[in-house]
S.K.: 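Before I ask anything, let me first share the structure, which is written out below as structure tokens.
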Amino acid sequence: MTISSSSASMELRTTGQQLHRRSWAEPWKIKMVEPITLTTEKQRTAALSEAGYNTFLLRSEDVYIDLLTDSGTSAMSDWQWAGMMLGDEAYAGSKNFYHLEETVRRHYGYKHLIPVHQGRGAEHILSQIMIRPGDTVPGNMYFTTTRFHQEHAGGQFVDVVIEDGHDLASLHPFKGNVDLDKLEHVLKTAKRVPYISLAATVNMAGGQPVSMANVRSVREICARHGVPVMLDATRAVENAWFIKCREAGYADKSCAEILLEFCSYTDGCTMSGKKDPLVNIGGWLSLNDDTLAEEARNMVVVYEGLHTYGGMAGRDMEAMARGIEESVQDDHMRARIGQVEYLGGLLHSAGVPIVLPIGGHAVYLDARRFYPDMSQDDFPAQTLAAEIYLDSGVRAMERGIVSAGRDSKTGRHHYPKLELVRLTIPRRVYTQAHMDVVAESVEAVFLQPKKPCGLRMVYEPKYLRFFQARFERLGP
Ligand code: PM9
């Protein structure tokens, strides 16, 4: 197994046996543009202060290059936009629903499709129908909304990711893998485990993938214990690309084939259509079990909408069906992950501390190494995201102690090992030149001679605090 995956350039052996570097390019050209403007430092200082030093609270018109998230920020293709015009906006039984159902079955392989407005809608329904108070839900590292819904339903999340997933120095090619011993232990000792929550890729570990060998073993172990495997398939196509590039025996398979095999080891999935499937809104819950699917359909009408639209317009379902077809193309994935690697490569060669291997949807900065003297209680990653915005108008996202929130029982902060800032790349939106600008800004912040003192939280919302918390600067 090698760590090399798609790189910003590939090597071709010519007839003269000389090695020449050849670049890849995106498999699309630009038909419509959206202007963005660079603000002054004075404007950014005012905007950040008004936003309480939380990049989620900035107005997008005050942002130059928006790397807050890859969620719902993709550019749709002309084929997807054409599909929008074919929206069948019937309340019940829209033909776009049946197209989406058929597409999800063909590419993800699950029997039942319950549409929802976005990923957390699916997490809510899954948690409510499967988790009982006192249950334990093992997972390969927490995700904010996923853990929230598990705990809200009375469950307790237990992290069973391999130790490498928490280790910034590890170059393990599949840092998202489940530690099979930890999983066995939970399955043997917990009172009741409703399912294992398996994410591919693992967002909070740095967009790190899970290997096919690992999901196969997870399946075998869970089957022995009679416990279903529920996949967070939000970025499972990106995961498939990493398997193709890094796992023996998969180089000649397509992303689509790998995705289908991966999902075949799981019993259902939650999906935020705002990521891999290349749309601005939408999601679904898939289940193979008929009884569970019936329960989910009963519930979706209460919280999302009828079971043939689940909060989406017909045109949104059509755009998502078409987005899925485009997302599983190898050429798309090569360029998508190639762009993330391009940015990561620039930063790494400039000596900026990032999570390695470079992940699927984002480059993650190690905030502790930007500010080695800052206590985690002073929010280093939140501070770093604010400093990057001040420097250049680039918007990033905190993925450290603020995102980790508080223990629902003790009320104390969770102290995650990883204190990261995420530079998340929207799909098909920015060019390589934008990535150059981002890298220069982050490097400038890394080299700043005068370091900030950190932040103090002055408003903390009850749930998922990272979205709306407000801060003030410590020190001058
Ligand atoms: N992820 C992200 O920026 C959206 C905002 S942060 C909560 O990474 C996974 C792996 C996600 C995810 C959202 C959801 C929830 C579930 N699983 O945002 O509700 O990365 O569509 O999906 C964000 P929705």
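FYI, the numbering just counts along the sequence from 1. Read the numbers this way: they start at 1 and go in the same order the structure lists the ligands and their atoms.
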S.K.: For atom 1 (N) of ligand 1, find the nearest protein heavy atom and state the residue, atom name and distance (0.1 Å precision).
M.R.: K275 NZ, 3.1 Å
S.K.: Mark up the atoms of ligand 1 that fall under 4.0 Å of a heavy atom belonging to S71, in ascending order.
M.R.: 4 (C)
S.K.: Where is the nearest protein heavy atom to atom 2 (C) of ligand 1: which residue, which atom, and how far?
M.R.: R422 NH2, 3.4 Å
S.K.: Among D70, D331, D276, find the residue that satisfies the salt bridge (Lys or Arg N to Asp or Glu O under 4.0 Å) test when tested with R336.
M.R.: D70
S.K.: Return a yes/no value for D70: is any of its N or O atoms, backbone included, closer than 3.5 angstrom to an N or O of ligand 1?
M.R.: no
S.K.: Tell me if the aromatic rings of F97 and Y309 count as close, with their centers under 6.0 Å from one another.
M.R.: no
S.K.: Under 3.5 Å, N or O to N or O, is T146 touching ligand 1 that way?
M.R.: no
S.K.: Which of the atoms of ligand 1 are close to K274, meaning less than 4.0 Å from one of its heavy atoms?
M.R.: 21 (O)
S.K.: Could you list the residues that satisfy salt bridge (Lys or Arg N to Asp or Glu O under 4.0 Å) with D267, not counting sequence neighbours?
M.R.: R219
S.K.: Under 4.0 Å from any heavy atom of T69, which atoms of ligand 1 are there?
M.R.: 2 (C), 3 (O)
S.K.: Counting heavy atoms only, which of I281, N203, D232 is nearest atom 9 (C) of ligand 1?
M.R.: D232
S.K.: Under 3.5 Å, is there a donor-acceptor pair between the T146 and E123 side chains?
M.R.: yes
S.K.: What residues form a side chain to side chain contact (heavy atoms under 4.5 Å, CB included) with V352, not counting sequence neighbours?
M.R.: L347, A350, I354, L365, F370, V442, E443, F446
S.K.: Specify the protein heavy atom at minimum distance from atom 14 (C) of ligand 1: its residue, its atom name, and the distance to 0.1 Å.
M.R.: F143 CE2, 3.5 Å
S.K.: Please report whether ligand 1 has a polar contact with M397, defined as an N or O pair separated by less than 3.5 Å (distance criterion only).
M.R.: no
S.K.: Is it the case that ligand 1 has an N or O less than 3.5 angstrom from some N or O of R120?
M.R.: yes
S.K.: Consider every N or O of T144 and every N or O of ligand 1, then say whether any pair is closer than 3.5 Å.
M.R.: no
S.K.: On the ring face of Y389, is R395 found with NZ or CZ under 6.0 Å from the centre and within 45° of the axis?
M.R.: no
S.K.: T234 heavy atoms, cut-off 4.0 Å: which ligand 1 atoms fall inside?
M.R.: 9 (C), 17 (N)
S.K.: Under 4.0 Å from a heavy atom of G119: give me the atoms of ligand 1 that qualify, with their elements.
M.R.: 19 (O), 21 (O), 22 (O), 24 (P)
S.K.: Considering non-hydrogen atoms of the protein only, which is the closest contact for atom 24 (P) of ligand 1, and what is the distance?
M.R.: Q118 NE2, 3.2 Å
S.K.: Give the residue and atom name of whichever protein heavy atom lies nearest to atom 15 (C) of ligand 1, and the separation in Å to one decimal.
M.R.: T145 OG1, 3.5 Å
S.K.: Less than 4.0 Å is my threshold; does some heavy atom of E123 fall inside it relative to ligand 1?
M.R.: yes
S.K.: Quick one: do K111 and E101 make a salt bridge, cutoff under 4.0 Å?
M.R.: no
S.K.: Name the orientation class of the two ring planes belonging to Y110 and Y108 (parallel below 30°, tilted from 30 to 60°, perpendicular beyond 60°).
M.R.: parallel
S.K.: In the protein, which heavy atom is nearest to atom 21 (O) of ligand 1, and how far is it?
M.R.: S272 OG, 2.7 Å
S.K.: Fit a plane to each ring of Y364 and H361, take the angle between them on a 0 to 90° scale, and name the class: parallel (under 30°), tilted (30 to 60°) or perpendicular (over 60°).
M.R.: perpendicular
S.K.: What I want to check is whether the side chains of S127 and Q150 have a donor and an acceptor closer together than 3.5 Å.
M.R.: no
S.K.: Side chains of T234 and K275 only: does a donor on one sit below 3.5 Å from an acceptor on the other?
M.R.: no
